Amino acid sequence: MASAPFAALESRVNNAVFARLSNAVATVNGVTASAIFDNGYSAGNLGGMAMASTQPTLALETADVPASPVGLSAVVGGVSYTIAEHQPDGTGVSTLFLERVL
């Protein structure tokens with residue numbers, strides 16, 4: 001019973017955070033949501049060879065994530081992705097790891 005007021009507060013805080021900090025509007029499986037998109041560049045060495053990669057991620061409210069999102073589509077900034085992994089953090093926020101659709 002005590003968790004109901006906390007859940008409501010957590011939801012209000014997450015709504016406020018995403019309203020202020022979102023840098024993207026994402027469409028996840030046809031549903032639009034405010035999100036924080038990150039596509040950080042990473043460079044590394046593998047033996048004598050250099051490699052570069054990115055790992056695009058999308059942070060959004062868990063309530064905006066479909067029940068089984070892996071394999072579903074996500075569109076951010078007109079670029080299409082497939083959801084490769086879903087990591088909810090237990091605070092009402094989820095990180096979706098994305099793979100670009102070529």
Side-chain angles (χ1 to χ4, degrees):
M1 189 99 168
S3 67
F6 179 78
L9 176 61
E10 182 178 71
S11 178
R12 285 195 309 272
V13 168
N14 286 340
N15 284 330
V17 166
F18 281 97
R20 298 275 184 192
L21 299 179
S22 293
N23 65 358
V25 175
T27 304
V28 177
N29 202 35
V31 178
T32 302
S34 295
I36 300 170
F37 179 71
D38 183 26
N39 194 13
Y41 174 82
S42 177
N45 289 320
L46 181 63
M49 299 174 54
M51 293 183 66
S53 70
T54 61
Q55 177 58 72
T57 60
L58 195 61
L60 65 163
E61 292 186 67
T62 301
D64 293 332
V65 178
S68 297
V70 174
L72 298 179
S73 66
V75 178
V76 182
V79 179
S80 295
Y81 298 91
T82 299
I83 300 169
E85 187 175 343
H86 173 218
Q87 292 184 354
D89 71 0
T91 68
V93 177
S94 285
T95 300
L96 303 177
F97 289 80
L98 308 174
E99 294 177 352
R100 187 170 182 170
V101 175
L102 299 176

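Small disclaimer: the values here were computed from a predicted structure and weren't measured.
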I'd like to know if V28 and V75 are part of one continuous hydrophobic network [Ile/Leu/Val/Met/Phe/Trp/Tyr, side-chain heavy atoms within less than 4.5 Å].
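Result: no, two separate clusters.
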
Are L58 and F18 connected, step by step, through hydrophobic side chains (Ile, Leu, Val, Met, Phe, Trp, Tyr) whose heavy atoms are closer than 4.5 Å?
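The answer is no; the residues belong to distinct hydrophobic clusters.
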
Starting at [atom1] of [X], measure out to [atom2] of [Y] and round the result to the nearest 0.5 Å.
X	Y	atom1	atom2	answer
L98	Q55	CG	CD	7.5 Å
L96	Y81	CG	OH	12.5 Å
T57	I83	OG1	CD1	12.0 Å

Residue pair H86 / S94, side-chain heavy-atom distance below 4.5 Å
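Counting from C-beta outward, H86 and S94 do come under 4.5 Å.
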
Which pair of non-hydrogen atoms, one from [X] and one from [Y], has the smallest distance, and what is that distance?
X	Y	value
E10	G90	OE2-O, 4.1 Å
A84	E99	CB-OE2, 3.6 Å
E85	V70	CA-CG2, 4.1 Å

Carefully, step by step, assess L60 and V65 under the rule side chain to side chain contact (heavy atoms under 4.5 Å, CB included).
CA-CA 8 Å; L60 65 163; V65 178; 3.9 Å; yes

N14 (side chain) donor-acceptor with T91 (main chain) under 3.5 angstrom
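Yes, N14 side chain to T91 backbone: donor-acceptor pair under 3.5 Å.
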
Can you pull out every side-chain hydrogen bond (donor to acceptor under 3.5 Å, both in side chains) where at least one residue sits in residues 22-41? Sequence neighbours excluded, please.
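For residues 22-41, and leaving out neighbouring residues, the side-chain hydrogen bond (donor to acceptor under 3.5 Å, both in side chains) pairs sorted by first residue read N39-T54.
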
